[in-house]
Amino acid sequence: MPAIAPSILAADFSRLGELVKLTEAGGADRVHVDVMDGHFVPNLSMGAVVVKGLRPVTKLPLEVHLMVEDPAKFVEGFLKAGADGIIFHLEVQPDPIELIRHVRGHGKKVGLAFNPDYDPSRIEPFLADIDLALCMTVFPGFGGQAYIPESNSRIRQLRAAIEKLNPKCELEVDGGIDRKTIGDAAKAGANVFVAGTAIFGDPTGPTDATRALHKLAGG
């Protein structure tokens with residue numbers, strides 16, 4: 001079954017708890033928390049305090065996507081704040097096993113991400129050790145970007161590797177996911193879909209937008 005992960009980066013933070021509950025009503029499966037340090041990507045975003053504030057508001061899993069140069073510095077704080085999963089980038093952690101084991105040692109899920117210019121085959125040695133592989137479908141740093149069409153072939157490549165090496169591993173996509181692109185990403189092999197503007201900026205509201213994306217992804 002496909003999973004929809006609303007990215008709160010696109011939400012109105014003055015109404016964050018309310019908006020997350022609205023996505024939950026629409027069938028959201030988890031909440032995606034984008035963390036940026038202004039170095040690995042050209043923007044700054046939220047810290048562990050946001051996860052701490054959300055934890056009592058929703059029962060949905062909170063997955064933290066660390067788009068930072070030194071993910072090891074941030075992991076402990078987010079785990080203590082209530083994160084259910086940590087995703088970090090292979091570009092900055094080419095030998096990720098120690099950090100994978102650290103997150104797993106806390107009983108939490110762990111994922112590896114890579115950008116559109118990164119060779120998907122480089123994640124293969126680690127697929128057996130992770131719960132989720134995140135194929136970025138835009139270059140991270142800002143919300144509202146257009147889906148890169150070439151992403152579909154990269155998703156297919158990653159799906160083939162997952163089926164061979166760890167079929168239980170989820171394949172997540174993040175960037176430009178909306179009503180027009182989610183179907184193609186699903187057909188290519190993705191089964192977890194991060195959406196920000198397409199949910200929190202949709203004129204029908206977060207509940208209906210989440211429900212629509214679920215349906216278009218095959219849910």
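The shown structure was predicted, so the numbers you read here are calculated from the model rather than taken from an experiment.
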Q: Would you please name every residue forming a salt bridge (Lys or Arg N to Asp or Glu O under 4.0 Å) with Glu76, sequence neighbours left out?
A: none
Got a list of side-chain donor-acceptor pairs under 3.5 Å for residues 19-28, not counting sequence neighbours?
| unit_1 | atom_1 | unit_2 | atom_2 | d |
| --- | --- | --- | --- | --- |
| Thr23 | OG1 | Val20 | O | 2.7 |
| Glu24 | OE1 | Thr58 | OG1 | 3.0 |

**Q.** Partner of Asp131 by salt bridge (Lys or Arg N to Asp or Glu O under 4.0 Å), out of Lys168, Arg30, Lys109, Arg104
**A.** Arg104
Q | CA sep, side-chain torsions, deciding dist, call: Asp119, Phe114, side-chain contact (heavy atoms from CB on, under 4.5 Å) | A | CA-CA 8 Å; Asp119 182 356; Phe114 56 89; over 6 Å; no
(Q) Can you tell whether the side chains of Asp202 and Arg179 come within less than 4.0 Å, N to carboxylate O? (A) yes
Q | Heavy-atom side-chain contact between Leu66 and Ile86 under 4.5 Å | A | yes
Q. So, Asn166 side chain and Ile130 main chain: donor-acceptor pair closer than 3.5 Å or not?
A. yes
Q. Could you go step by step and tell me if Asp84 and Lys59 meet the salt bridge (Lys or Arg N to Asp or Glu O under 4.0 Å) rule?
A. CA-CA 11 Å; Asp84 297 287; Lys59 294 181 180 180; over 6 Å; no
Q | Side chains of Phe200 and Asp12 in contact at under 4.5 Å (non-hydrogen atoms) | A | no
Q. Got more than 12 heavy atoms from elsewhere within 6.0 Å of CZ, Arg101?
A. no
Q) Partners of Arg156 by salt bridge (Lys or Arg N to Asp or Glu O under 4.0 Å), sequence neighbours excluded? A) none
**Q.** Verdict with supporting geometry, Val64 and Phe74, side-chain contact (heavy atoms from CB on, under 4.5 Å)
**A.** CA-CA 10 Å; Val64 174; Phe74 295 85; over 6 Å; no
Q: Please tell me if the side chains of Leu134 and Leu112 come closer than 4.5 Å, counting only heavy atoms from C-beta onward.
A: no
